[in-house]
Structure formats: C-alpha cells, structure tokens
Amino acid sequence: QGPKNGKHLIENPGKHPTKQDCELKAFYRLANRLKERFPHLPIVLTMDGLFAGGPTFKLCQQYHWHFFVVLKDDDLPSVNKEFRRQVQSQLANYLLFRTGGTVAIKQEFVWANGIEYIDSLALKHSLSVLECLETKPAVGGTTTTFRWITDFQVNKGSAISLANNAGRIRWKIENEGFNVQKNGGFSLEHAYTTNPTAAKIFYLLLQIAHILSQLLDKGSLLNKLFPAGFGSAKNLAFRLLEAWRNSALSLRSLFLIRQSRFQLRFDSS
C-alpha cells in the first residue's frame, strides 16, 4: 500500500484474495515511491529475469536509473541471438580473471554493447549483455554461467566490477536479508501466532531488530573491541543476548554514557 493511507506492509488485493500480489506491479509501485522520496539518489537495480522487458527498461530510462537484469536462455530471444552473434565476431570482448583465496576460481567474461531491442509497444532500447563463466575447482571444476542485461557500457576496464559488484550482488543482498532473518537468530519462520495483525507487528519488530544488528555489526565501536568479529550474524545475536542477561549497566554507567561524546563510523565495504 502507498504511504498516503499509512500502510507500508504488502497486502494481497481484495477481500478474499486467491493469489498473491503481482511482483511486477509491486515493483512499479515501489519505484514510484523511491523516485518521489529520493529524486536525486543514484540507483542501480539488480533484478531477476522476471523484469527483463520493455516496461522495466523504460522506467529506468525515465528515472535515470541503471539496471542489471538476469538474462536467461529463453528470455528475449532476439537479444540472446544478437549477443551470440557479436561474441563470435568480436573476439576482443573477452577477459580472463582469476580470484578466490588461492586465485583458483576462474572467471571468463564476454560481452556485447549496442544491442537493439524493440519491445511489445514498438519502443526501442539499446542494451548491453555481459556473461560470466565461473569455474570452481572446489566443486569438481563445474562451470556456472551468469548472464545479465544492462544499460552500462561494458569494456575490459569495467567487466569484472560490473559482474561481481553489480550483477552478482543480487544474491548477496538476498542471502543477507531473508536468509539471515531465517537462520541468523531472528527466528523469522517461528510460528509465534496465527493472528495476521500480530504476525505483521512481529515482522515489523524483527525488521527493526535486524537493522539495529547490522548497524551494530558494521559500527566502528564494536570493531575496536572485537576486531576478529563474531563469525556469523547468529553468533553476534547470541553474544548480545548474553550481554543483556549478564552485564546489566548501573544507573551511574548509563548516566556517564549519556554525558560522553563519541563518533560512530560504519564499514563502507
């Protein structure tokens, strides 16, 4: 729901809905709110193949946003075909990169720029496609293919950063979101109630707790005391819980903390 009626949780439409709200429709509503609230904020969208289409490209162009969208083999056949044609004819658009702790992971990048795509409304879009073939010896030398559509111009100087810090970052965001809330000590999947209103309140509080935990984890004050970290979000949650149980602050300590001044910085990585 929009901000005007004061509701921010996702609600399925209708009195007796038979299916969940459409993800694409929800994206357009969210995009409008983001542009309204942060009109000058530079944004790069990282999305799955569901969003590979003209409406997404048009919206990003209208809002001056960049995008990275997963391109599967059966998505946008004309784009995939033109990408293969260019890759075979432009051999210079290739880069080999090795990474990992022992530099054992091999990444091979190929790309093509200026691919014209005409959507169902006859609108033209100029796209780039970047593909990464990643081989990990630790998993038997299996090669995994990653491919994205983007509005960035890809070259040898940008291919590695665009793939690993934009295209691949979608999995990092997903794993550090719901996965941490499920398995990192927040007990998202615990059936505390069957009351829908209570469930919404619980999840709102859980979101607040997760935000505070991330600020604590990335803050410079905690890093000074525990430079080696805690190993996982779950360990941090348990240590924090035990601190509340066994290390209660006195009124004098709280007063001194309130009177002191300090600076808190966050890990920008």
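- The line from CD of Glu116 to NE2 of His125 is 10.0 Å long, rounded to the nearest 0.5 Å.
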* **Worked check of side chain to side chain contact (heavy atoms under 4.5 Å, CB included) between Val180 and Gln214** => CA-CA 11 Å; Val180 170; Gln214 291 178 79; over 6 Å; no

* Carefully, step by step, assess Glu82 and Tyr117 under the rule side-chain hydrogen bond (donor to acceptor under 3.5 Å, both in side chains). => CA-CA 10 Å; Glu82 177 61 17; Tyr117 169 65; over 6 Å; no

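- Looking at residues two or more places apart in sequence or on another chain, you find a salt bridge (charged side-chain N to carboxylate O under 4.0 Å, His left out) between Glu131 and Arg84, Arg147.
- Residue Val154 comes nearest to Thr150 through the heavy atom pair CG2-CG2, 4.3 Å, listed as atom of the first residue, atom of the second, then distance.
- Taking 4.5 Å as the limit, some side-chain heavy atom of Trp111 sits within range of a side-chain heavy atom of Asn113.
- Proximity of Asn183 to Lys234: side-chain heavy atoms (C-beta onward) are nowhere separated by under 4.5 Å.
- From Ser250, atom OG reaches atom CG of Leu256 across 7.5 Å, with rounding to the nearest 0.5 Å.
- For the atom pair NZ of Lys156 and CG of Asn93, the computed distance is 8.0 Å after rounding to the nearest 0.5 Å.
- Transitive grouping of hydrophobic side chains (ILVMFWY, heavy atoms separated by less than 4.5 Å) keeps Ile118 and Ile115 in distinct clusters.
- Note that the CZ atom of Arg168 and the CD atom of Gln107 stand 6.5 Å from one another [nearest 0.5 Å].
- More than 12 heavy atoms of other shown residues, nucleotides or ligands fall within 6.0 angstrom of atom CD1 in Ile208.
- Heavy atoms of other residues, nucleotides or ligands lying less than 6.0 angstrom from CZ of Phe178 number 12 at most.
- Residues Leu91 and Leu96 do not share a hydrophobic cluster, defined by chaining ILVMFWY side chains whose heavy atoms lie under 4.5 Å apart.
- Shortest non-hydrogen contact noted between Ala199 and Thr193 is N-CG2, 3.7 Å.
- Between Phe146 and Val70, every side-chain heavy-atom pair lies at or beyond the 4.5 Å cut-off.
- Under the 4.5 Å side-chain criterion, counting only non-hydrogen atoms from C-beta, Ile257 is in contact with Leu249.
- A continuous path of ILVMFWY side-chain contacts below 4.5 Å connects Leu24 to Leu34, so both sit in one hydrophobic cluster.
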* Asked: Given the rule in the salt bridge (Lys or Arg N to Asp or Glu O under 4.0 Å) test, do Arg245 and Glu242 qualify, once you have shown the distances and angles that lead to the verdict?
  -> CA-CA 5 Å; Arg245 286 174 173 171; Glu242 291 304 312; 2.7 Å; yes

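- Side-chain atoms of Phe83 and Leu71, non-hydrogen and from C-beta on, never get closer than 4.5 Å to each other.
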Show me the donor-acceptor pairs within less than 3.5 Å that the side chains of residues 45-64 make with the rest of the protein, sequence neighbours left out.
{"from": "Asp48", "atom 1": "OD1", "to": "Leu50", "atom 2": "N", "distance (Å)": "3.1"}
{"from": "Thr56", "atom 1": "OG1", "to": "Phe51", "atom 2": "O", "distance (Å)": "3.0"}
{"from": "Tyr63", "atom 1": "OH", "to": "Asn32", "atom 2": "OD1", "distance (Å)": "2.6"}

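- Atoms SG and CG, from Cys132 and Leu162 in turn, are 12.0 Å apart once rounded to the nearest 0.5 Å.
- Note on Val87: it does not cluster hydrophobically with Leu133, by side-chain heavy-atom contacts below 4.5 Å among ILVMFWY residues.
- Residues Arg85 and Lys81 fail the side-chain proximity criterion, which asks for heavy atoms closer than 4.5 Å.
- Phe67 and Val129 fall within the same hydrophobic cluster, defined by Ile, Leu, Val, Met, Phe, Trp and Tyr side-chain heavy atoms under 4.5 Å apart, directly or through other members.
- Summarising the geometry of Gln181 relative to Phe186, their closest heavy-atom pair is O-CB, 3.4 Å, with the distance given to 0.1 Å.
- Looking at heavy atoms from C-beta onward, His66 lies in side-chain contact with Phe152 at the 4.5 angstrom threshold.
- Proximity of Val110 to Glu108: side-chain heavy atoms (C-beta onward) are nowhere separated by under 4.5 Å.
- The line from CD1 of Ile149 to OG of Ser128 is 10.5 Å long, rounded to the nearest 0.5 Å.
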* Any chance you could lay out the side chain to side chain contact (heavy atoms under 4.5 Å, CB included) test for Leu240 and Trp244, step after step, and finish with the verdict? => CA-CA 6 Å; Leu240 184 59; Trp244 283 337; 3.9 Å; yes

